[in-house]
Amino acid sequence: MPSHDLLQELVLVYALAVGLIVIAARLRVPSIVALIAAGVLAGPSGFALVPNQEDVETLSEIGVALLLFMAGLDFSIGEIRRLWRRVLIGGVGQVSFTIAIAGSLVAVLGPTTSSRLFIIGLFVALSSTAIVLKELNRLNHAHAPHGRLAIGVLLLQDLIVIAVLVFAPVILGTAVDMNPATGLLRFAVVLGVLFLVSRVALPLILRIVSATSREAFSVAVLLASVGTAYLTSMLGLSMAVGAFLAGLVLAESEFSHQIHADVRPLRDLLASLFFISVGMLVDPLQMGSSLPLLVILACAIAVIKASAATGALLIAGAPLRVAVATAVALAQVGEFSFVLGQSALDAGVLSRGEWQLLLGASILTMAATPGLIGLAPAIGARFARRRPEMAPSTDALPRMSHHVVILGYGIGGRLISRALSELGMPYLILEMNGANVQEGKARGEPISYADATVPEPLEAASITSAAAVVAMLSDPDASHRAVRAVRELSPTVPIVVRTRYRAEAERLMRAGATLAIAEELEASLEVLAQLLSRLHIPGNVVEVLLETYRRTTINASGNRGRAAPAVPFGELPVEIADAPVATFRLDESMWGVGHSLAELDVRASTGATVLAVRRGTRTLTSPDGGFRFEAGDELYLLGDESDIKLARRRLEQGPRHATL
């Protein structure tokens, strides 16, 4: 009779993990921490639900490969390219400074080796891509300046992890016949083989199987991820390196979105085993006896990482507020640190006692991450207020009055500045992104590099005498602080703010915004309006519905009603769309030239309707009664055949001949 020991163990472990994840979610603790806790309870030091850990570790290796395959698939070269200077200098600086500080502290404690110093420093330096991305998206901070910068640094850390995994045998001292040059050559060969396989073989296979069935495509994707990982292990490198490189190459293919959808469930399932297996290495008795030391070590790691990242990002040119907020978001230890630490433990570079301390402190930093990321913008703002000399300074702004102050020069800010410029209205722009400021100056915009969340730049922009303030910031916390700063300086100036979600709009209204427009709400109302118009609901009914829903959804002052959208002619009911429309050109000799539409009286006298008039390259729809016709005008006439004939005769010869 076949043995079901492994299946029974997995069922028990996953049942325990599900319960802990549910509890952790209610406590806003990351699921990774819950999985590690499940491993602690299920491991040999806990309830011993899994006496044979080797089976779980085998599956977890596949999970790590899939984890890195997805990391490669999600890797955004465009994000790196867009923020390359700050990401490269800040990311490399953050990792280097952290390794130097952590290594120095370890060296002070006693004699050690350079490999051990480097491994411990790098273990501390890496941050959790999975937790940070999840929290940034949950808080709507992913598109904020500190969110974009944090994501860029995390992507760079992924590349550093791959480089370390390539040279891990040399760093850990487990390679007998391998030096850095040999490792680099081997990596180049593997990269060349993987490039050919991923660029030529895999797309061809995926095109063939995608035309057959969904199941075949899913199996082919699994083969691509695990197969390339196995191929690199056969060529002498780790499975994780091959999986990441395969994902990186396939990220540019036309199958990337479907691959992402197919691999993610399996990735999450098997990668969870990795974190469970990490938890099985934890000795709860030892951790319990050294809990105060673990708390101190976790706090030290967070402070070291945040300090190193802040310094590196300031060197890279990031504003103090953004640098501090980004650094706080990166203050935890990452999941790939566990991969590195496990390898160091197996190689004897780390002792079990050191591994237990690092493991326990890392779990504590992960558990604190949601709270730290939520507080990151406020912490950054507090540091910026304490060190105003380091905050961006406004250029010599002219004293103005009855002008508009635009906060932010993204797509929305540029649209507003363009409209105000065309209308001849004075305005000033305050922007924190240096590249946007340079671009605005090149266009001749009145733009200044300044932090709009503090009073000094707002005072320099003559906020007390401004006609209005419009905030088009991508950071909801910065928008909130900007509204409060403006309102403290001027209790009466109108403040119009754009934000993403309705809850943020309500918060901004409570902070003092005159009007907070939520993209979530306005986009939904626009979809509703377009839908109702295509269902041929009368426009006045649609407008009443839109204004009612807007008023009941968010407590906003002022009338923001919008007209119901016009229905394209081709989408009108068939009875209207099939109505004949004739064209008629006025010549010099015709009676209609020089007369107004009211004088022609086409509708009342003939039954036809003048829909539009084309004059040269311009087309005027629904001309009013005072519109006077000229020679060369082309008229669009709506009516049946007899009406059109009467209208043409009236236009040509006058009212006396407008009879059939």
Side-chain angles (χ1 to χ4, degrees), residues 133-148 373-374 377-378 404-420 429 431 452-453 467-487 492-568 571:
L133 284 179
K134 181 179 179 180
E135 290 302 311
L136 287 176
N137 286 318
R138 184 181 68 84
L139 296 171
N140 191 26
H141 289 176
H143 298 286
H146 73 278
R148 293 197 304 268
I373 292 181
V404 177
V405 180
I406 304 172
L407 309 182
Y409 192 61
I411 295 177
R414 295 176 193 187
L415 178 64
I416 291 173
S417 66
R418 178 181 174 184
L420 294 176
I429 306 170
E431 169 63 63
T453 65
V469 176
V470 56
M472 305 296 289
L473 305 174
S474 57
D475 184 346
D477 290 282
S479 297
H480 184 262
R481 289 193 299 274
V483 168
R484 294 184 62 181
V486 170
R487 194 52 76 211
T492 58
V493 63
I495 306 174
V496 181
V497 191
R498 180 212 67 189
T499 189
R500 179 160 295 185
Y501 298 113
R502 182 177 63 86
E504 294 169 0
E506 293 173 346
R507 180 181 176 219
L508 289 167
M509 294 290 292
R510 290 193 298 269
T514 309
L515 191 63
I517 301 173
E519 295 175 2
E520 176 187 41
L521 173 62
E522 294 302 322
S524 300
L525 290 176
E526 177 66 19
V527 170
L528 175 62
Q530 295 293 340
L531 170 66
L532 295 180
S533 70
R534 281 157 177 77
L535 296 176
H536 312 303
I537 305 300
N540 59 323
V541 176
V542 174
E543 290 171 15
V544 171
L545 285 175
L546 293 181
E547 190 56 32
T548 300
Y549 294 155
R550 179 180 286 111
R551 248 190 344 262
T552 56
T553 304
I554 181 171
N555 183 23
S557 60
N559 181 15
R560 289 193 288 126
R562 63 180 298 278
V567 183
E571 298 183 19

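We count residues from 1, following the sequence as given. For the numbers below, each heavy atom of this structure counts, side chains included, while hydrogens, waters and symmetry mates do not.
- By the side-chain contact (heavy atoms from CB on, under 4.5 Å) test, L531 is found to be paired with L535, residues two or more places apart in sequence or in another chain being considered.
- The side-chain contact (heavy atoms from CB on, under 4.5 Å) test applied to P377 returns H141, H146, D477, R481, not counting sequence neighbours.
- When every heavy atom of P145 is checked against every heavy atom of S474, the shortest pair comes out as CD-OG, 4.0 Å.
- Scanning for side chain to side chain donor-acceptor pair (under 3.5 Å) contacts around E519 gives R498, with sequence neighbours left out.
- Of all non-hydrogen atoms in V483 and G512, the two that sit nearest each other are CG1-C, 3.8 Å.
- Shortest non-hydrogen contact noted between P494 and A467 is CD-O, 3.2 Å.
- Residues M509 and E506 fail the side-chain proximity criterion, which asks for heavy atoms closer than 4.5 Å.
- S479 is not listed as a side-chain neighbour of T499, based on a closest heavy-atom distance of 4.5 Å or more.
- Residue E504 holds its CD atom at 8.0 Å from CZ of R507, rounded to the nearest 0.5 Å.
- For the salt bridge (charged side-chain N to carboxylate O under 4.0 Å, His left out) test, residues two or more places apart in sequence or in another chain that qualify with E135 are R138.
- Residues A478 and T453 come closest through the heavy atom pair O-CG2, 3.4 Å.
- The two residues Y409 and S417 have their closest heavy-atom pair at CE1-OG, 3.9 Å.
- Every residue two or more places apart in sequence or in another chain that forms a side-chain contact (heavy atoms from CB on, under 4.5 Å) with R418 is listed here: E422.
- For R487, the side-chain contact (heavy atoms from CB on, under 4.5 Å) partners at least two apart in sequence or on another chain are V493, I495, T514.
- We find the CD1-CG distance between I517 and L508 to be 11.5 Å, quoted to the nearest 0.5 Å.
- Going from atom CD of E526 over to atom CD of Q530 covers 4.5 Å, rounded to the nearest 0.5 Å.
- Across all their heavy atoms, I406 and G413 have their closest contact at CG2-CA, 4.1 Å.
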